[in-house]
There are 2 protein chains.
Amino acid sequence: MVLQVRAGELQVLLWQRAQEPFADSWALPGGYLEPGETLEQSIRRHLAEKVDVRELAHLEQLETRSEPERTPDEWQLATAYLGLVPSDADPRVPDDTEWHPVDALPPLAFDHESIALAGRERLRAKLSYTNIGFALAPGEFTISELRDLYGAALGHDVSATNLQRVLLRRRVLESTGRLRAPGPTGGRPGALFRFRTHALEVTDQFAVLRPPGPARAFVA
Amino acid sequence: MVLQVRAGELQVLLWQRAQEPFADSWALPGGYLEPGETLEQSIRRHLAEKVDVRELAHLEQLETRSEPERTPDEWQLATAYLGLVPSDADPRVPDDTEWHPVDALPPLAFDHESIALAGRERLRAKLSYTNIGFALAPGEFTISELRDLYGAALGHDVSATNLQRVLLRRRVLESTGRLRAPGPTGGRPGALFRFRTHALEVTDQFAVLRPPGPARAFVA
DNA sequence: ACGGTTTTCGCCCCATAGTCGTAAACCTTA
DNA sequence: TAAGGTTTACGACTATGGGGCGAAAACCGT
């Protein structure tokens, strides 16, 4: 599943199935695994038919579903992946493919609704303790723009003051020194920031039971 | 993979392969998926041959590995699971099966070393922000005993004072009102505690960007 | 009664997050 | 140029929660 913040909402890329089962209903993009292919290679290959995969700033494995009831006829295992597209990209998508707000999903095929919601929760959790925001944000942005991105992805308002202070202290963000020109309505120009790194790092050391020494940063 | 704290160390259950490939080397217990079977049903079935699965206090899916190089001859996908056994259980295991400290693993077959280490990291992370300790601990225990369990699983010393204060505040632990008789060397008898619930709950709301309102507890 | 041992608990410090108010920097319009 | 509106930046204060430490409590043995 591919997520992007579009028009102030967290949206997911869906395509309309042409064939049975679940003809005409919406589904997450994907497809079969070819022999000798890695799961990640496979999902990238299938996504490439729907969206420019170079826009994919992050891709990680979610869960493997194996319930026999999840598919009507033959038994199929499915390994779900979560992909993220920065909000400044507007990839061309085929005619049978559309973005839909995760908060207002149409009826989905198979167990895809459950997968989509699980992906949203994974994103929300990681926004709080990793630097995964780099995969949702443009290369440079003001704190207000980042606040709106986080708000859309998390589903609730966040404070720009806190966001800036926390992400700077964790060294997730760094200042570019440049300013963004104010909009037509005026206002003080916002300072432009960028994510210090575009590789996933855990930035919040879970409280209790912290090992002695400086905070580690490890990839998850 | 099955983990248990034994003799003050975090140990993993391994069995010695009798057949090629990797004959005589150690491997994580597991086996093939049967048609119509859930992955979780399958891993429970295979584990049942090695250990009393009723002792399994927790079982969760880890990651699905698909690299073609992970198996020598035919291509095999593997979905790893993490199982936990409380420290007061001492399940009978077959002759070809042994517990090994995760910090001193023998050479393992396939990519099982990588899986074992990933499982240990998952456990360590969840110890800090969930109540997953219930799956490592006996039904009742003193804070000192729990401190030793956490220390073994985390790989570093933890403070009994902090552990008690934090887990009580998060309402992970509750007092039983009873005391444990002191050992032969004397000392003040320790108060007995238990985990309030034996279902996995996230107890630490990741800091920043917390939604308004009281802390939620949700299953992951 | 008196050390030795283990557990318990209160106290203080510090790091980090949340809130709020004010100042700064820009726009448009008069 | 001045004034009012808008947006961002930033400091001050508060609240929460974890870490460290030492004293007191409760048991053992001699």
Side-chain angles (χ1 to χ4, degrees), chain A residues 127-130 140-151 154 156-193 202-216, chain B residues 127-130 140-151 154 156-193 202-216:
Chain A
L127 276 175
S128 295
Y129 67 92
T130 73
E140 298 189 349
F141 44 84
T142 68
I143 293 297
S144 299
E145 291 162 356
L146 192 66
R147 158 177 48 81
D148 292 340
L149 282 178
Y150 271 68
L154 290 170
H156 63 83
D157 288 349
V158 304
S159 147
T161 302
N162 276 335
L163 191 65
Q164 170 171 6
R165 199 155 23 90
V166 168
L167 295 185
L168 279 179
R169 172 161 40 206
R170 292 183 183 170
R171 307 228 316 143
V172 169
L173 296 186
E174 63 186 10
S175 172
T176 67
R178 280 196 296 285
L179 298 180
R180 160 138 310 166
T185 121
R188 175 172 174 168
L192 286 172
F193 292 83
V202 173
T203 59
D204 184 26
Q205 206 62 347
F206 308 116
V208 194
L209 325 170
R210 180 169 5 213
R216 311 165 291 178
Chain B
L127 276 175
S128 295
Y129 67 91
T130 74
E140 298 189 350
F141 45 84
T142 67
I143 294 296
S144 300
E145 292 163 355
L146 192 65
R147 159 176 47 80
D148 293 340
L149 282 178
Y150 271 68
L154 289 171
H156 63 84
D157 288 350
V158 304
S159 146
T161 301
N162 279 333
L163 191 64
Q164 170 172 7
R165 199 151 24 93
V166 167
L167 295 185
L168 279 179
R169 172 161 39 204
R170 292 184 183 169
R171 307 224 320 141
V172 168
L173 297 186
E174 64 185 8
S175 171
T176 69
R178 281 195 296 284
L179 298 179
R180 162 138 310 165
T185 122
R188 176 170 174 168
L192 286 172
F193 292 84
V202 173
T203 59
D204 183 27
Q205 205 62 351
F206 310 116
V208 196
L209 323 172
R210 182 171 3 213
R216 309 166 292 180

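No hydrogens, no waters, no symmetry mates; every other heavy atom, side chains included, goes into these values. Chain letters run A, B, ... following the sequence lines, proteins first and then strands; every chain starts at 1.
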Q) Could you write nucleotides 21-30 of chain D as a row of B, S and -, 5' to 3', where a protein heavy atom under 4.0 Å of any base atom gives B, of only sugar-phosphate atoms gives S, and otherwise -? A) B---BBBS--

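Between the CD atom of A/Glu145 and the C1' atom of D/dT8 there is a distance of 12 Å, given to the nearest Å. With rounding to whole Å, B/Phe141 atom CZ is found 16 Å from C/dT7 atom C1'. Taking atom CG of A/Leu163 as the reference point, atom C1' of D/dT8 lies 14 Å away to the nearest angstrom. The interatomic distance linking B/Arg147 (CZ) with D/dG19 (C1') rounds to 15 Å, in whole Å. If you take CG of A/Asp157 and C1' of C/dG18, they are 14 Å apart, rounded to a whole angstrom. A straight line from CG of B/Leu168 to P of C/dT7 spans 16 Å, rounded to a whole angstrom. As a whole-Å value, the separation of A/Arg180 CZ from D/dT6 C1' is 17 Å. For the pair A/Leu192 CG and C/dC26 P, the computed distance is 13 Å after rounding to whole Å.
At the phosphate of D/dG19, OP1 or OP2 sits under 4.0 Å from a side-chain N or O atom of B/Asn162. When the side-chain nitrogen and oxygen atoms of A/Arg170 are compared with OP1 and OP2 of C/dA17, one or more of them lie within a distance under 4.0 Å.
Distances were taken from every side-chain heavy atom of B/Ser144 (C-beta onward) to each of C/dT7, C/dC9, C/dA17; the shortest belongs to C/dT7. If you check D/dG17, C/dA17, C/dT8 against the side chain of B/Ile143, the one that comes closest is C/dT8.
Among the protein residues, B/Ala191 comes within range of the sugar-phosphate backbone only, with heavy atoms under 4.0 Å from sugar or phosphate atoms but none that close to a base.
For B/Leu168 against B/Leu173, the heavy-atom pair with the smallest separation is CD2-O, 3.5 Å. When all heavy atoms of A/Pro182 and A/Gly187 are compared, the closest pair comes out as CB-O, 3.3 Å. Closest approach of A/Leu179 and A/Ala191 over heavy atoms only: CD2-CA, 3.6 Å.
For the salt bridge (charged side-chain N to carboxylate O under 4.0 Å, His left out) condition, the pairs that include at least one residue of residues 176-185 of chain A, sequence neighbours left out, are A/Glu140-A/Arg178, A/Glu145-A/Arg180.
Considering only residues two or more places apart in sequence or on other chains, A/Phe193 meets the ring-ring contact (aromatic ring centres under 6.0 Å, His included) condition with none of them.
Atom OG1 of residue B/Thr142 and atom CG of residue B/Asp148 lie 8.0 Å apart, to the nearest 0.5 angstrom. A distance of 11.0 Å separates CZ in A/Arg188 from OG in A/Ser144, rounded to the nearest 0.5 Å.
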